[in-house]
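Throughout, a chain's letter reflects where its sequence line sits, starting with A, and its residues are numbered from 1.
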Amino acid sequence: MPVKRNPCPSKVILHYIATYGVGILLANGVRSALWDDGEMQFDAHHPWLYPPDMTAAAQVQREMAQRVIHEDAFSGPVEAIGGVDVSNNLRDPENLVYAAIITLQYPHLKLMQTGTHQIKARLPYVPGFLAFREVPALVHAYAQLNPKPDLMLVDGQGISHPRGLGIASHIGVLLDCPTIGVAKSILVGKPEGEPGPLPGDYVPLVWKGNTIGSVLRTKLKTNPVYVSIGHRVSLTTAIEWVMKTCTRYRLPEPTRFAHQAANQFRQGTAIASSMQQSLDI
DNA sequence: GCGACAG
DNA sequence: ATCTTGTCGC
């Protein structure tokens with residue numbers, strides 16, 4: 001049986017616009033300023049969060065990719081490591097995004113704080129444009145965190161992306177936070193061979209003649225993960241932090257915790273809303 | 001033109 | 001991404 005795949009992204013968007021109207025792409029934005037934390041101020045309708053159309057979205061990615069810093073640029077010691085993930089509702093996979101960003105205390109890897117936010121997604125999942133679906137909710141979750149993480153591991157690609165701006169880099173540039181992309185599968189590129197069997201073994205992920213990430217074995221006898229630069233971190237350092245935060249699972253603790261937090265958040269709010277409904281009736 | 005395609 | 005128990009293999 002042939003596997004159903006996403007059609008051409010532009011066709012997805014055209015269908016989406018035809019179904020919901022162009023306005024929905026811009027409407028219902030975040031109404032309030034997210035926060036004013038010294039120098040950080042975000043416009044709820046900023047094109048980095050909500051571009052008007054797909055052409056603009058692709059252009060935003062190309063522009064933001066120019067701002068990605070590929071070298072280590074830490075402000076100090078890493079004491080709080082962030083984990084970033086979102087959860088979707090199967091019944092409503094196109095409309096609800098439940099975001100969670102957690103912070104773990106390093107090196108103990110104990111949970112410090114959990115930031116969550118639920119929001120209506122205005123876009124379906126389109127390969128290459130994941131960030132525009134998930135980032136708005138994540139920015140709200142990030143705003144709740146205190147202290148802010150020194151470094152964040154993001155569930156998805158960093159610069160290993162068709163336009164060099166996967167969700168990890170997107171969040172990193174947007175929030176000016178060091179980020180690392182940790183993906184469970186490949187978006188673009190091809191592994192240069194197969195990584196060795198031992199945790200820490202890796203081979204380059206190559207695309208168009210460039211190394212855009214690493215295929216990293218984090219655990220014995222499990223599939224590798226795909227690590228890439230997010231922002232303000234070198235690939236070597238990115239691999240180091242992924243290994244430092246891996247314990248007994250394939251995925252590093254920050255993204256594991258974030259995944260759990262997002263899931264619990266989604267299921268919790270689902271229960272709460274169903275209870276509210278039963279009270280309304 | 002056809003296939004590939006993070007979450 | 002999500003729905004899900006047991007089960008096969010190291």
Would you find more than 12 non-hydrogen atoms of other residues, nucleotides or ligands less than 6.0 Å from A/Arg67 atom CZ? no
The salt bridge (Lys or Arg N to Asp or Glu O under 4.0 Å) partners of A/Lys110 (sequence neighbours excluded) come to none
Does a side-chain N-to-carboxylate-O contact under 4.0 Å join A/Arg248 and A/Glu253? no
side-chain contact (heavy atoms from CB on, under 4.5 Å) with A/Ile167: which of A/Leu138, A/Val84, A/Asp155? A/Leu138
Output field dot_bracket for DNA chain C (Watson-Crick or G-U, both distances under 3.5 Å, | for other-strand pairs) contains ..........
Please map the stems of DNA chain B, keeping only stretches of three or more Watson-Crick or G-U wobble pairs with both distances under 3.5 angstrom. none
Check whether the aromatic ring of A/Tyr125 stacks on the base of B/dG7, taking stacking as ring centres less than 5.5 Å apart and planes within 30° of each other. yes
Which ones in residues 197-230 of chain A lie close to DNA chain B, meaning a heavy atom under 4.0 Å from one of its atoms? none
Heavy atoms within less than 4.0 Å of DNA chain B: which residues of residues 182-191 of chain A have one? Give them sorted by number. A/Ala183, A/Lys184, A/Ser185, A/Ile186, A/Leu187
Which part of the nucleic acid does A/Gly128 contact within heavy-atom distance under 4.0 Å: base, sugar-phosphate only, or nothing? base
What nitrogen or oxygen pairs link the protein and nucleotides 2-6 of chain C at under 3.5 Å?
unit_1, atom_1, unit_2, atom_2, d
C/dT2, OP1, A/Ser87, OG, 2.9
C/dT2, OP1, A/Asn263, OD1, 3.1
C/dT2, OP1, A/Asn263, ND2, 3.4
C/dT2, OP2, A/His259, NE2, 3.2
C/dC3, OP1, A/Arg266, NH2, 3.3

Is the cationic atom of A/Lys148 (NZ for Lys, CZ for Arg) positioned less than 6.0 Å from the six-membered ring centroid of A/Tyr142 and within 45 degrees of its normal? yes
Determine, using the 4.5 Å side-chain heavy-atom cutoff (strictly less than), whether A/Trp207 and A/Val182 are members of one ILVMFWY cluster. no
If hydrophobic clusters are built from ILVMFWY residues whose side chains come within less than 4.5 Å, do A/Trp48 and A/Ile69 share one? no
Where does the angle between the aromatic ring planes of A/His117 and A/His140 fall among parallel (under 30°), tilted (30 to 60°) and perpendicular (over 60°)? parallel
